[in-house]
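Inspection log for the structure reproduced underneath, given as structure tokens.
All residue numbers refer to positions in the sequence shown, counting from 1. Just so it is clear, the structure is predicted and the values come from calculations on it, not from any experiment.
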Amino acid sequence: MAAQAKAKKPNLFKRLGAFFVKSWSELKKVSWPNFKTVLKNTGIVLLVVLFFAVIIFGVDALFAFLVSLMS
């Protein structure tokens, strides 16, 4: 029975080819942003990351200072 189930399964290369054909057709449907939008969104992400990095650094420095007072 295992040989019959394996015989019904398509070839690995056919499955990979079908996967890439389907993936390419889906990628053609995607609405890609223009370069200006990408730059704007990248800038916003970098600013938010920087903001939270500063907050985390400040809290870490505060806790380090408080621990140094205890010892």
inquiry  = Taking side chain to side chain contact (heavy atoms under 4.5 Å, CB included) as the definition, give me every residue that meets it alongside Thr42, ordered by chain and number, with sequence neighbours left out.
reply    = Val38, Leu46
inquiry  = Quick check on the hydrophobic clustering: are Ile55 and Val49 connected, directly or via other members, by side-chain heavy-atom contacts under 4.5 Å?
reply    = no
query = Other hydrophobic cluster members with Leu39, side-chain heavy atoms of Ile/Leu/Val/Met/Phe/Trp/Tyr under 4.5 Å, chained?
reply = Phe35
request  = Say whether, by atom type as modelled, one donor and one acceptor occur between the side chain of Ser23 and the main chain of Phe20 under 3.5 angstrom.
outcome  = no
query = Are Phe51 and Val48 connected in a single hydrophobic cluster, I mean Ile/Leu/Val/Met/Phe/Trp/Tyr linked by side-chain heavy atoms less than 4.5 Å apart?
reply = yes
message = Measuring from atom CG of Leu62 to atom CZ of Phe57, what distance do you get when rounded to the nearest 0.5 angstrom?
response = 11.5 Å
inquiry  = Going by side chain to side chain donor-acceptor pair (under 3.5 Å), name the residues that satisfy it together with Thr37, two or more places apart in sequence or in a different chain.
reply    = Asn34
